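We count ligands from 1, going down the list as the structure has it; atoms in each ligand are counted the same way. Quick caveat: nothing in here was measured; it's all calculated off a predicted structure.
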Amino acid sequence: MKSPLKLGVAGLGTVGAGVLTLLRGNAELIAARAGRPIEVVAVSARDRKRDRGLALSGLAWHDDAVALAADPQVDIVVELMGGSEGPARALVEAALAAGKPVVTANKALLATHGGALAKLAEQKGVALCYEAAVAGGIPAIKALREGLAGNRISRVAGILNGTCNYILTEMRLKGLPFAEVLAEAQRLGYAEADPAFDIDGVDAAHKLAILAALAFGQEVDLGALHIEGIRNVSALDIALAGELGYHIKLLGIASREEGGVATRVHPCMVPVGNPIANVDGVFNAVLVEGDAVGRVVLQGRGAGAGPTASAVVADLVDIARGCHSPVWGVGTAALDQTPGLPMERHRGAYYLRLMVLDQPGVIADVTGVLRDMRISLESMLQRGRAPGEAVPVVLVTHECEEAQMRSALSRIAALPSVVERPAMIRIELL
Ligand code: HSE
């Protein structure tokens, strides 16, 4: 067997510790699959003294993570610090510039600087691998880049944030409000103390930007995404969606449409019969549609030590074997630069929930706006009876354009009998 492949690992949090544990626990099997042993020789983390439940003796320790790139005993840099700027970016750039392959779990970095990093990796002829950056343990990158390489992809969609999926699932199953479930998710350690990246859809957007670039051979373009999170999803809407036969999920969807690729992250109503509708709790799912293969759905754990380490080690085994794919599936010169489609061009059906005063003529006013905007209704439902007070009214539309819907919504919100900002959730038949 060949000499060991030596790693420098930056970041010894949950994921970093998980990678060291997996490499040690499955060392023989991994060596057999890689054709050579894979060993950690150097590490970098903020706090030397913290007990991580791991033996770190014998490993070189660098206080400055970027020093791993210059450490002569390090063959591959494994970046598990996170963040689109700062030491993570500096380390990845330094490692690639030094001609060292990089394995990273850093979706923010790739979604923000993936274009420039791919060019650098290509110039230097080294691998930049990121299986762990999207959907944790689900081999979504490998599936798209290698497994489905013969397909023209029409759509990639997924549940890409476990924290949001956990919150929406608990709200549905227990009828609890968003804030209460978020607090519980934080207590359980699912959501960050500052959970904005998760619940505002940013984390899912980073992952979708990566999937879209790979699926459609495009320059990664986070700025092209439409992003909405789950803060405004109410327990009432989840219950009403259930009555109509839908579950509400935060989805990331990238699809090829006439005129370009549309990329969006927002809460969606998914029919309960769809496999994605029943991927619950912290689980992630990725759905791909290809012209030859049809539909492929993968699901699994999107975060955590074991699943993320599983993805990191898969990249390491690839590099050890000499498998080296272009970062975005095609060479950077071949990447399509066509701008993404604006959200205003999206077409679909919509769920609207209004709180309206229970008095004569209100529905006529609302449907009058929809008539004027040429939006056709599929169904309508009113709950409760409270003369002169607010009651919920639900409207489900046929397919229309987002721009039409936005104009209609602002006119409906301005009606004197509509007492709250209307709730709008897009329906995705997938
Ligand atoms: N915070 C992410 C999630 C996990 O909740 O899915 C890491 O990407």
Residue of the set Asn232, Ile199, Val233 for which side chain to side chain contact (heavy atoms under 4.5 Å, CB included) holds with Phe178: Ile199
Considering all heavy atoms, the nearest Ile76-Ile319 contact: CD1-CG2, 3.5 Å
Closest approach of His113 to Ser84 (non-hydrogen atoms, all atoms of both residues): CD2-O, 3.2 Å
Those atoms of ligand 1 less than 4.0 Å from some heavy atom in [X]:
X: Lys107; result: 7 (C), 8 (O)
X: Asn161; result: 1 (N), 2 (C), 3 (C), 5 (O), 6 (O)
X: Gly162; result: 3 (C), 5 (O), 6 (O)
X: Asp198; result: 1 (N), 2 (C), 3 (C), 5 (O)
X: Ala303; result: 4 (C)

Steps toward side-chain hydrogen bond (donor to acceptor under 3.5 Å, both in side chains) verdict (Ser325, Glu146): CA-CA 9 Å; Ser325 305; Glu146 277 95 35; 2.6 Å; yes
Asp203 contact mode with ligand 1 (heavy-atom cut-off under 4.0 Å): side chain
Distance flag, aromatic centroids of Phe216 and Trp328, threshold under 6.0 Å: no
